[in-house]
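Everything below concerns the one structure shown next.
Just so it is clear, the model here is predicted, and its values are computed rather than measured.
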Amino acid sequence: MGKKRLASNKKGARRSGRTIAFLDETGHTFRARLGTTWAPVGQTRVLNRLSRRREVSSVVLLTAPRGRERPKVFARHFVGAVHDKEVIAALRYFRRRRGRPLVIIWDRLQAHRSRAVGA
């Protein structure tokens, strides 16, 4: 029964002019990777780290193709982890960029299921 309902929602979305899209998040870290180095005999090896730990998260939207239209990719980047506030900001951005309502297909990440995102 769930598959039938999903299929009807997709058909209804297309008929009403909404965009079907897939949304997910990913994280990137810029940690200095430690490895081997060399030093002259009798001297201790020193590996200097040039920067502090930085982490960036991306929320990415992939649209389903429509007719001859090609799929499109949109992304929003945030410093740190993704929570409900970042998901809401990304959804608003994607909605403005597409110019039409969205039907989002996503996983069960806690940030997706929060009350704020549901509202």
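- Shown here is R115, whose CZ atom has no more than 12 heavy atoms of other residues, nucleotides or ligands within 6.0 Å.
- Other residues, nucleotides and ligands contribute at most 12 non-hydrogen atoms within 6.0 Å of the CZ atom of R92.
- Placement of I104 and Y93 within a single hydrophobic cluster is found when ILVMFWY residues are connected by side-chain heavy-atom separations under 4.5 Å, directly or transitively.
- Although no hydrogens or angles enter the test, the distance criterion places no donor-acceptor pair under 3.5 Å between the side chain of T63 and the main chain of A21.
- Between V59 and F78, some side-chain heavy-atom pair lies under the 4.5 Å cut-off.
- Remark: the backbone N or O of L102 is not paired with any side-chain donor or acceptor of T19 at under 3.5 angstrom.
- Considering only heavy atoms from C-beta on, D107 stays 4.5 Å or farther from F22 through its side chain.
- Of the N and O atoms on the side chains of H112 and E25, at least one donor lies less than 3.5 Å from an acceptor on the other residue.
- Between I20 atom CD1 and L62 atom CG the span is 12.0 Å, to the nearest 0.5 Å.
- S58 and H28 form a side-chain donor-acceptor contact under 3.5 Å, judged by distance and modelled atom types alone.
- S57 and A81 get closest at one heavy-atom pair: OG-CA, 3.7 Å.
- Between the side chain of E86 and the backbone N or O of H83 there is at least one donor-acceptor pair closer than 3.5 Å.
- When side chains are defined from C-beta on, L23 does not count as touching V60, because their heavy atoms never get closer than 4.5 Å.
- Nearest heavy-atom pair, E69 versus R98, reported as atom, atom and distance to 0.1 Å: OE2-NH2, 3.8 Å.
- Atom CZ of R95 has more than 12 heavy atoms from other residues, nucleotides or ligands within 6.0 Å.
- When the side chains of ILVMFWY residues are joined at heavy-atom separations under 4.5 Å, either directly or via intervening members, F74 and V117 end up in a single hydrophobic cluster.
- Annotation: side chain of L61 is not in contact with side chain of W106 (no heavy-atom distance under 4.5 Å).
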